[in-house]
Amino acid sequence: MNLWLSLLVGFKEIWAHKFRSFLTMLGVILGVASLLSMFSLTAGMAHGVREYITQLGGIELVGVIKQEVPVEQEYKWEISPGRTVADAEAIAKIPHLVSLVSPVVELPINIIAGPNNFRYEAQAVWPDYLPINKHNVAFGRPLSWLDVEEAKHVCVVGRLVVDKLWPDRPDYNAVGETVLINQRPFTVVGIFEFYESDRDKRRRELGIDKASAYSSSGNLRSPSSSSYSRSSSRYSSFTRKNSTVVMPISTAFYEFKSANVVGKEDQGPDYRLDRLIFQVADIDRFKETLDRVADMLRVTHRGIDDFGFDTREEWFERNEEYIRNVRASGGLIAGISLLVGGIGITNIMLASITERIREIGVRRAVGAKGRDIFIQIVVESAVIGVIGGLLGLVASLGVMKILVAISPGDNAPVLEFENVVISFSFAVIIGVVSGIYPAVKAARIEPIEALRYG
Amino acid sequence: MALIELRNVTKRYRVGEQEINALAGIDLEIAQGEFAAIIGPSGSGKSTLMHLLGCLDTPSTGTMTIDGMDVSRASSNKLAEMRNQKIGFVFQSFNLLVKLNVLQNVELPLIYAGIPSSVRREKALAAIERVGLTERVNNTPLQLSGGQMQRVAIARALVNSPKIIFADEPTGNLDSNTGATILEMFRELSRQGSTIVLVTHDNGIAAQAARRIEIRDGRIVNDTINPPQPVAA
Ligand SMILES: Nc1ncnc2c1ncn2[C@@H]1O[C@H](COP(=O)(O)OP(=O)(O)OP(=O)(O)O)[C@@H](O)[C@H]1O
Ligand SMILES: [Mg+2]
C-alpha cells in the first residue's frame, strides 16, 4: 500500500470522527501554540534587547572607570592624575584596535531659550562621542574638531530639548538659535534625529496611537513608563538619548571648570573626566584591545592601577542567558503540553485499533502485511499531528495578537520562519511517535484472532 | 505434485489447563481444478482446517504445502503474500469493510499487491462483472442484501486470479434460494477451471461438489468422489 493511499485512508478515518479527532488534537494544538508563541516572544525580547544595546553604543562601546587602587599601591595613589583628556589622547594613538574615543565631562546645566528654562545634563565631549553613541544629526551639523580646538560656544541638542524649549513649534529646526547654558550664550549648530524603538516607529508610521507612543517615550515622569520594568528602562534610555545636550569639552573646561572652589579656597582648574569611552574596532579582538588600552593608561596614570573597564559583554551575556532561561522554561511547558497531546493520540489510536480490529483482520486476510497495518496506523496518527500542528500555528497567531493587545508597550513578538518550522516539526514528530506503540500492537494482531473478534 | 498437500497436520488449542485437539492428524491432497466440499458436524474442525488451508493460521505439527510452497512454518509476511497472490477466501460472515464501497472492497487485495490504480480499477470491475454486480459498484455493503454482499466477497476473492478459492460456509448466513445462487456461482467458477474448497454442514450442498470430504473430531473419516451432477436448473 503506498503512502498516498495511507494518507487518504488516514484523512478519511479522522474525518469520520471529526469531534473526537479534534479533542485528541487539542493537546498538540496547545503545545504548538505555546511553543511558537514562546519562541516568538523570546525572539521579540532578544530583538528589543539588541536594539536597546545598539542604541547605547553596542557591545563594542567600552568605558574606562575609576577603581580602587590595589593595596600595595595605596601609599602612592596620589601620583596618578586620574582620568584626564591625556588618557583619551593616549588611547587615540593606539593604531587599528580602537576606532573612536572620547573623554566626557558631565555638567548639570540650566538651559534657557526665551521664557523657557530647563535643567539638563550636558555632555562635554570630543566629536567621536557622537558616532560612539550612534547619534545622527537631523538638522545642522555634528560637533567638529575645530569646535574643540577653538573652544567654540556651540552645542548639538536632542529632539526633546528643542521640543521643550520651543513648545509651540513642532519639529522646529532650531539650528542658528542662541540659547543660554548656565548664563553663557551657545549657538545651536545641530539637532539629533528623534530616537525610538522600531516598534514605536512602526506604530507612529502606521498612525496608530501616535500621541500615546510619543508621549510615553517623551515623558520621563509618565506613570506608564514605570509600570513595566523592562520597557521603562528602554523608554528612559531612548528618552535620555533624545534629551542629550553636547558641547566641546574644551569649552566646558574654559567656561565651567576653570575654578574649583571648595569651601572658600580655589583648588584651581579641574581637568578630571567623569567618563572616558572608546569603541573597539574589531569585536573579535576585544580582549587584546582592552589589554593595549590598559598598557597605555598605565603610562598616563604613572603605573597606578586606578582604572578598570566597563563593558557590555557581561550584560549582553546576562540578557542572552535570561532569554535562554525563558526559552527553556517555556519550552518545558510547551513540551509537557505536547507530551500530554502525544499520550492523548496514543490513547485514541489504541481505542481506534480495538474498534477496528475486524477491519485489520480483513485487511490482513486479503494480503496486508504487518508492515502495511503499522504504516496505516502511524500515518493516521501523524496526520492528527500534522493537522494539530497547523491548527496550533494558527492558534499561536491568535495568542500573539492577544498578548500584543494586552501589553502593547512590551517587545512585539517576532515570528521567525525557523521557529515555525521547529514548532510544526515537533507536532509531526509527536504525531508519528505517539502512533508507534498502537501501530506495533495493531501490526502484531494475528489475522485469525482479528477475524474471530466481534 | 498436488496443488495442496497436508501431511499429518494437527492443530491444538490450549484453553487454560485444557488441551483441545481441533485437528488430530489430517492427511489430504487436493489437485489443481478440483471442487471439494468439507462436511462435518459443528466443532469437528472444519473452520480450523480452512484457516490453515487459507494461510490465516499455521498448524501445530505436520507439514502443509500449497503450490510447492511449505507454508506450515512460513513467516507472517510470507503467509500474507500467499493470501494475497494465491488464495481467495470467502467467509460465512462476508467480512467486507463497511466504510468502503463495492469497488473499493474488491480492489483491496490489489492495493496490497501493489498494483497501480488504473489496472486495479479495471481488474476489480471485471471481477464485479463476473458476479453480476456492475450496477452496484458505488454502493456500500450496508446498502446490499446478504446474497449481494457474499457476491462482493466472491469478487474480492477472485480479483487477483488466485490458484485456489476457499469458502467457509459461504451460504451459512443466507436463505436457501440465495444460497443456491451463490453455490451455482461456485460451480460456474469450477467449470471455468478454478480450484475450489468449501465448507458446509449441508449434505445437499456437499453432494453438488465433485468431492466430499467428511471430518469428525479433527480427523478425515470419509473422502469420496461424487457421481457427476447435472447442471442445476
Ligand atoms: N481459538 C480457539 N481457542 C480454543 N479452541 C478453539 C479455538 N478455535 C476453535 N477451537 C475449538 O476447536 C474445535 C474445532 O472448531 P472449528 O471452529 O474448527 O469447528 P467447526 O467445524 O468449524 O464448527 P462449526 O460448524 O460450528 O463452524 C472446537 O472444539 C472449538 O471449540
Ligand atoms: Mg466453522
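Computed over heavy atoms, backbone and side chain alike; hydrogens, waters and symmetry mates excluded. To find a chain, count down the sequence lines: A is the first, B the second, and so on, and within it residues start at 1.
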Contact winner vs chain A - B:Ile115, B:Leu108, B:Val159, heavy-atom pairs under 4.5 Å: B:Leu108

Over 12 foreign heavy atoms within 6.0 Å of CZ, A:Arg444: no

Heavy-atom pair of closest approach, residues A:Ala368 and B:Ala80: O-CB, 3.8 Å

Atom CD of B:Glu122: over 12 foreign heavy atoms under 6.0 Å: no

B:Asp70 CG: over 12 foreign heavy atoms closer than 6.0 Å: yes

CA sep, side-chain torsions, deciding dist, call: B:Ile111, A:Leu5, side chain to side chain contact (heavy atoms under 4.5 Å, CB included): CA-CA 9 Å; B:Ile111 286 174; A:Leu5 263 167; 3.9 Å; yes

Over 12 foreign heavy atoms within 6.0 Å of CD, B:Glu129: no

More than 12 heavy atoms of other groups within 6.0 Å of B:Arg121 CZ: no

Criterion side chain to side chain donor-acceptor pair (under 3.5 Å) on A:Arg358 and B:Ser93, from CA distance to verdict: CA-CA 12 Å; A:Arg358 204 171 174 84; B:Ser93 51; 3.2 Å; yes

Results of side chain to side chain donor-acceptor pair (under 3.5 Å) for B:Arg73 - residues two or more places apart only: none

Option passing side-chain hydrogen bond (donor to acceptor under 3.5 Å, both in side chains) with B:Tyr112 (candidates A:Lys369, A:Arg364, A:Arg363): A:Arg363

Greatest number of heavy atom pairs closer than 4.5 Å to chain A - which of B:Arg156, B:Lys99, B:Gln85, B:Glu81: B:Lys99

B:Asn84 side chain to A:Val366 backbone, donor-acceptor under 3.5 Å: yes

Engaged part of A:Glu446 at the chain B interface, taking heavy atoms whose separation is under 4.5 Å: neither

Interchain contact, A:Glu13 with chain B, by part (heavy-atom threshold 4.5 Å): side chain

Within 6.0 angstrom of A:Tyr437 OH, more than 12 heavy atoms from elsewhere: no

A:Glu359 and B:Leu100, any side-chain heavy atoms less than 4.5 Å apart: no

Residue pair A:Leu451 / B:Asn95, side-chain heavy-atom distance below 4.5 Å: yes

A:Phe426 atom CZ, over 12 foreign heavy atoms within 6.0 Å: no

Chain A neighbours within residues 47-63 of chain B, where any heavy atom lies under 4.5 Å away: B:His51, B:Leu56, B:Asp57

CZ/B:Arg219: more than 12 non-hydrogen atoms of other groups inside 6.0 Å: no

